[in-house]
Trainee: 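Here it is, the structure in full.
Residue numbers run from 1 in the order of the sequence given.
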Amino acid sequence: MKLEYAKHEIDYIGEYQKKGYTSNYLFENGCLIDTETKYSYKPEEIFIVAQHRYEGMSNPDDMSILYIIETADFEKGTFLLGYGPTSDLEASEFFKDIPESNCSDKESINNP
């Protein structure tokens with residue numbers, strides 16, 4: 001049975017923070033950067049352990065994807081990326097470059 005926590009990103013982020021996914025990242029100069037440690041991650045150092053897609057209720061072009069991330073050095077956090085017509089193409093390419101073997105849904109809070 002699939003669980004539904006919320007229809008908004010912030011609710012999911014809160015649930016993952018309770019599970020220890022507290023690091024925050026920003027995308028800059030082709031790397032995902034931990035906002036606290038300032039370490040710059042390359043795609044092969046990122047493991048996506050869950051993801052959630054959203055469409056805006058009033059505007060279908062308002063789309064985003066929430067990535068739940070673990071890193072090669074055992075940091076855990078989230079990254080919210082807009083996609084569709086307003087997406088950051090460089091950040092989208094970064095996430096496409098993450099090896100498929102580094103992607104799973106093992107930590108999804110929607111799994112029973």
Trainee: Using the side chain to side chain contact (heavy atoms under 4.5 Å, CB included) rule, take Glu45 and Thr71 through it: C-alpha gap first, then chi angles, then the decisive distance, then the call.
Mentor: CA-CA 6 Å; Glu45 297 175 291; Thr71 65; 5.7 Å; no
Trainee: Run the side chain to side chain donor-acceptor pair (under 3.5 Å) test on Tyr41 and Glu75 for me, step by step, so that the C-alpha distance in whole Å, both residues' side-chain angles and the decisive distance to 0.1 Å come before the verdict.
Mentor: CA-CA 11 Å; Tyr41 294 96; Glu75 295 296 323; 5.4 Å; no
Trainee: If you draw a 6.0 Å radius around CD in Glu36, do more than 12 non-hydrogen atoms from other residues or ligands fall strictly inside?
Mentor: no
Trainee: Rounded at 0.5 Å granularity, tell me how far CG in Leu26 sits from OG in Ser40.
Mentor: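 Answer rounded to 0.5 Å: 9.0 Å.
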Trainee: If you compare all heavy atoms of Pro99 against all heavy atoms of Pro43, which two are closest, and at what distance to 0.1 Å?
Mentor: CD-O, 3.7 Å
Trainee: Mark yes when over 12 heavy atoms from residues, nucleotides or ligands other than Asn29 sit less than 6.0 Å from its CG; otherwise mark no.
Mentor: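 12 or below, so no.
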Trainee: Look at the side-chain heavy atoms of Ile, Leu, Val, Met, Phe, Trp and Tyr, link any pair under 4.5 Å apart, and say whether Tyr67 and Phe47 land in one connected group.
Mentor: no
Trainee: I would like to know whether Lys19 and Glu107 meet side chain to side chain contact (heavy atoms under 4.5 Å, CB included); could you show each step before the answer?
Mentor: CA-CA 9 Å; Lys19 292 180 71 168; Glu107 291 295 321; 3.4 Å; yes
Trainee: I'd like to know if Phe27 and Ile48 are part of one continuous hydrophobic network [Ile/Leu/Val/Met/Phe/Trp/Tyr, side-chain heavy atoms within less than 4.5 Å].
Mentor: yes
Trainee: Inspect the surroundings of CD in Gln17 and state if more than 12 heavy atoms from other residues, nucleotides or ligands are less than 6.0 Å away.
Mentor: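 Check passes, neighbour count above 12.
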Trainee: Would you say Lys106 and Glu70 make side-chain contact, with heavy atoms under 4.5 Å?
Mentor: yes
Trainee: So does Ser108 get a backbone contact from the side chain of Asp105, meaning a donor-acceptor N/O pair under 3.5 Å?
Mentor: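 Side chain of Asp105 to backbone of Ser108, a donor-acceptor pair under 3.5 Å: no, none is there.
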Trainee: Applying the 4.5 Å side-chain criterion to the ILVMFWY set and letting contacts propagate, would Tyr21 and Leu66 be lumped into a single cluster?
Mentor: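 Yes: a chain of side-chain contacts under 4.5 Å links Tyr21 to Leu66.
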Trainee: Would you sort out whether Phe94 and Leu32 count as a side chain to side chain contact (heavy atoms under 4.5 Å, CB included), showing the intermediate values?
Mentor: CA-CA 8 Å; Phe94 176 90; Leu32 201 63; 3.8 Å; yes
Trainee: Distance check, rounded to the nearest 0.5 Å: Asn110 atom CG versus Gln51 atom CD?
Mentor: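 If I round to the nearest 0.5 Å, the distance is 12.0 Å.
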Trainee: Which pair of non-hydrogen atoms, one from Ser92 and one from Gly82, has the smallest distance, and what is that distance?
Mentor: OG-O, 4.5 Å
Trainee: Say whether, by atom type as modelled, one donor and one acceptor occur between the side chain of Asn102 and the main chain of Ile46 under 3.5 angstrom.
Mentor: yes
Trainee: Assigning hydrophobic clusters by single linkage (Ile, Leu, Val, Met, Phe, Trp, Tyr; side-chain heavy-atom cutoff under 4.5 Å), is Ile98 placed with Tyr25?
Mentor: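 Cluster IDs for Ile98 and Tyr25 match.
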Trainee: Taking Tyr16 for the side chain and Ile109 for the main chain, is one N or O donor matched with an acceptor at less than 3.5 Å?
Mentor: yes
Trainee: Same hydrophobic cluster for Leu80 and Ile33, using side-chain heavy-atom links shorter than 4.5 Å among ILVMFWY?
Mentor: no
Trainee: Using side-chain heavy atoms (C-beta onward) and a distance below 4.5 Å, is Ser64 in contact with Glu9?
Mentor: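 When only atoms from C-beta onward are counted, Glu9 and Ser64 do touch, with a gap below 4.5 Å.
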Trainee: Let me see the working for Phe95 and Leu81 under side chain to side chain contact (heavy atoms under 4.5 Å, CB included), right down to the final yes or no.
Mentor: CA-CA 10 Å; Phe95 279 90; Leu81 176 66; 4.1 Å; yes
Trainee: So how far is it from Thr78 OG1 to Tyr12 OH, rounded to the nearest 0.5 Å?
Mentor: 14.0 Å
Trainee: Please determine whether a side-chain nitrogen of the Lys or Arg among Lys96 and Glu93 lies less than 4.0 Å from a carboxylate oxygen of the Asp or Glu.
Mentor: yes
